[in-house]
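Take a look at the structure set out below.
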Amino acid sequence: MRALPAAQVQRAAVNVAACVSQAVEHRTDLAFRVRSESTACETQAATPSPGVPERGAATCPRPCAAARPYHVSMGSIVLQNVTKQFGGQIVLDDATLELHTGETVGIVGPNGAGKTTLFRLIMGRFPPDLGTVTRSKGLAVGYLSQDPEVDLSATLHDEVLSAFRDVLDLETRMHAVAAEITEMHGTPEEAGLLEQYARLEAQFVAADGYSIETQLKEIVGGLGFSESDYKLPMSALSGGQKCRVALAKLLLQDSTYLLLDEPTNHLDIGAVRWLEKFLAGHHGGAAIISHDRYLLDRLAERIIEVDRGRVTSYPGNYSNYARTRELRRLTQDRQFEKDRDFIEKERDFIARNIAGQRSSEAKGRRTRLERRIAAGEFVLERTSDRKAVRLDFSADAPGPRTIFRAEGLAKGYQNKPLFADVSFEISAGQALGIIGPNGTGKSTLLKILMGRLPADAGIYEVDRKAVIGYFAQDALELDPTRTILEEIHTVRQDYSEQQARSILGRFLFSGDDVFKSVGKLSGGEQSRVRLIKLMLCNPNVLVLDEPTNHLDIPSREALESALDEYPGTIVAVSHDRYFLDRIVDRLLIIGSCAVTKFNGNYSMYVEQFERDSKAAVTNESRAAPQRADKPAPVQAKAKINKYAKGTRFDRMSLEEVEAFIFEHEQRLAELTDRFSDPALARDRDALQRLNMEMNTLRGQLAEAEAAWNRFVEPGS
């Protein structure tokens, strides 16, 4: 927009000073969203958990956010003795929970346990049947649902921009007042209009209105969209893309506390890592429902488990929760044995003496026993008796032979290449993970290997003895009109109903559940049906495309345990870093420009990449004097520039980039504080210079962040 001449603004400057400091309180500057790759140091300081293995990078790769000055007014969300039921089924039973600003918590539990219900109660979407839900006065809470509402008539750019509705309203009012000033020039009303305009512009500057496009570009780009996507109509986007748009809007809004329901759905690894950094720097606090255990390890300071209507809090991240939960389960099982023996002895005494001489004593002991059982003083269930998915992929031990061999594979659509020159070899018993950004052709590569798509170039071979079980990313092989029982019989016609029911029971389908039509099942239930069919085929090679999608954590753990024991060959496309760490022993990384092979799992790959990057920078610094007198050999130069993208930050070490980011974030915070100086409002030129310097800093930080991303996430 076009600002008014400085001379006119200065006539109202005396009255502007007070409104500047007020407006600063409402700013939405992303400079305060300190970027940090990991909160490992933060988390350990708050909730020590010795022995928790760090996942991903080998060290805490960014300066601790806890060491930086940041002030957030404390707020809380409290659920007290909350009970909620639907259709007679109790989802939450006497649940008590406190969430505080300044803390990131992960919320876990089986699908259907009530995690989303918890968020909807907090947001007031429906009231509790019993108990209370309270939020601190003035606490701004942002909510991302699994099925967000978006304006289908808008473009992607305009839908995300609507997150700045208040700032855009300020701009509209400024335009309107500017038009009135033009009409009232030279009249007594002009001075009042100038004051009004100056106040509006001070608020607009304090809200960082001149850089909202920069902020939008940073968030939207981080979530995997390019500028060429801005004009796409929302109605043409997939469900996953709409969810990413809704996430971008939420991150751009001025919400102190964030409620995120499965935020990593539909994100590739690069976008998830970017989101981790963003959330690590969001000091207002967040509660995250997620099945992404890697993310919960890196971000969560506390884990809230929702299961069987109960809400239980565990200190520390996911790994700490998993160990503590297992210890509690072992303790509970031991207590179950003791309590069972005690109850049996009491009941035996009561039965023998209820009609005899010690009848009064027996009746008294019966009353006390029943009262204690009703009060929940005894452990009445063994944890091992709880239902859990049980998978078993059986296969003969593989012999020494090659299962897949590809050489120079290439594929594209409509003159747009997906990948080129893909070559690899997989021997029997190996487990290959395929990773890379969305849209690089990972699923297409699997379809070529399965013979479902032709390659544009190259050759591939499949072992003739391979019995391949294929788990596609979609569920097209399921017939929505069939029942679960009928789907099982498509694989094993020889199974009796009792045999089929027995198998289905291992996957939590019991009773009348087996007669449900497939089309009415949830995504997680459909995935379980597909895993049953896959298991019943007895394959010696598994080709899996995002097998953990839609599965809750217990089901993912069951799948991983089965694959860990599986002697056959595995080829898996996945964005689940926890899954990749546990299952695969080699990686194929498909980037936008190149394909890389690596022997090891995901965390090993990240660590190796960081070491190679540091070595490349060290070699370059050693070769610098030589290049001053004599050019370095072309081959050596190519090695030095292996990971460079053309900016000065790509030629720095990871530590140097981090130091640059830390220093410039501090400088940006200092400049932001200057907006509270009333004298600044009287100097229009100084105000413009300050805004220009801040925009320059933001641009440099954006470049540094992009280079930092390339250090820790190759191909991004």
Side-chain angles (χ1 to χ4, degrees), residues 36-49 51-57 60-61 65 97 99-100 102-111 113-116 118-119 144 146 247 257-269 271-282 285-307 311-326 328 524 548-560 574-583 601-603 606 712:
S36 174
E37 168 59 14
S38 173
T39 55
C41 299
E42 244 183 21
T43 304
Q44 290 169 5
T47 53
S49 52
V52 176
E54 289 183 344
R55 310 188 65 81
C60 182
L97 173 66
L99 303 172
H100 300 283
E103 179 188 37
T104 299
V105 303
I107 300 182
V108 302
N111 288 337
K115 303 184 295 295
T116 297
L118 205 62
F119 277 6
L144 176 73
Q146 288 192 47
L247 178 57
Y257 199 87
L258 301 176
L259 301 176
L260 306 176
D261 195 347
E262 294 290 354
T264 61
N265 281 357
H266 315 293
L267 299 184
D268 58 30
I269 290 179
V272 172
R273 288 181 67 89
W274 179 91
L275 179 62
E276 283 177 1
K277 288 197 301 163
F278 189 97
L279 293 176
H282 178 77
I288 308 169
I289 296 174
S290 181
H291 299 315
D292 188 332
R293 294 154 292 172
Y294 207 103
L295 176 140
L296 295 176
D297 255 358
R298 297 173 74 86
L299 289 182
E301 301 162 69
R302 184 160 57 106
I303 298 294
I304 307 297
E305 181 186 64
V306 182
D307 190 16
V311 175
T312 309
S313 180
Y314 295 79
N317 62 9
Y318 179 82
S319 291
N320 188 72
Y321 151 75
R323 287 194 302 273
T324 306
R325 178 191 59 184
E326 186 60 28
R328 287 189 182 184
T548 60
N549 277 4
H550 307 297
L551 295 180
D552 56 22
I553 290 178
S555 297
R556 293 183 185 206
E557 291 175 341
L559 173 62
E560 289 165 357
S574 182
H575 295 311
D576 187 333
R577 297 164 293 173
Y578 211 101
F579 172 89
L580 292 169
D581 266 2
R582 184 171 177 185
I583 300 303
N601 64 16
Y602 178 79
S603 290
V606 172
V712 298

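The analysis underlying the following values was restricted to heavy atoms, covering all of them including side chains, and did not include hydrogens, waters or symmetry mates.
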Residue list, side chain to side chain contact (heavy atoms under 4.5 Å, CB included) with [X], at least two apart or on another chain:
{"X": "R325", "result": "E305, Y314, Y318, Y321, A322, R329, E557"}
{"X": "A287", "result": "L99, V105, I107, F119, Y257, L259"}
{"X": "Q146", "result": "T116, D261, E262, N265"}
{"X": "N601", "result": "D581, V584, S603, M604"}

Taking side-chain hydrogen bond (donor to acceptor under 3.5 Å, both in side chains) as the definition, give me every residue that meets it alongside [X], ordered by chain and number, with sequence neighbours left out.
{"X": "T104", "result": "none"}
{"X": "N111", "result": "H291"}
{"X": "S290", "result": "none"}

On a heavy-atom basis, which atom in [X] and which in [Y] lie closest, and how many Å separate them?
{"X": "P315", "Y": "N320", "value": "O-ND2, 2.6 Å"}
{"X": "A300", "Y": "G106", "value": "CB-N, 3.9 Å"}
{"X": "G114", "Y": "V306", "value": "C-CG1, 4.1 Å"}
{"X": "R577", "Y": "V272", "value": "NH2-CG1, 3.3 Å"}
{"X": "T312", "Y": "R328", "value": "CG2-NH1, 3.3 Å"}

Pairwise side-chain contact, L267 with H575, heavy-atom cut-off 4.5 Å (strictly under)
no

Could you tell me if the side chain of L258 sits less than 4.5 Å from the side chain of L279, heavy atoms only?
yes

Donor-acceptor contact present, side-chain K115 to main-chain D307, <3.5 Å:
no

Is it true that a side-chain atom of N317 and a backbone atom of D297 form a donor plus acceptor pair closer than 3.5 Å?
yes

In chain order, what residues pass the salt bridge (Lys or Arg N to Asp or Glu O under 4.0 Å) check against E103, with sequence neighbours excluded?
R302

Salt bridge (Lys or Arg N to Asp or Glu O under 4.0 Å) with D576: which residues, sequence neighbours excluded?
R293, R556

Atom OG1 in T324, atom CD1 in I303: separation rounded to 0.5 Å?
10.5 Å

For the atom pair CG (L580) and OG1 (T548), what is the distance rounded to the nearest 0.5 Å?
8.5 Å

D292 and side chain to side chain contact (heavy atoms under 4.5 Å, CB included): which single residue from L296, I288, L295 fits?
L295

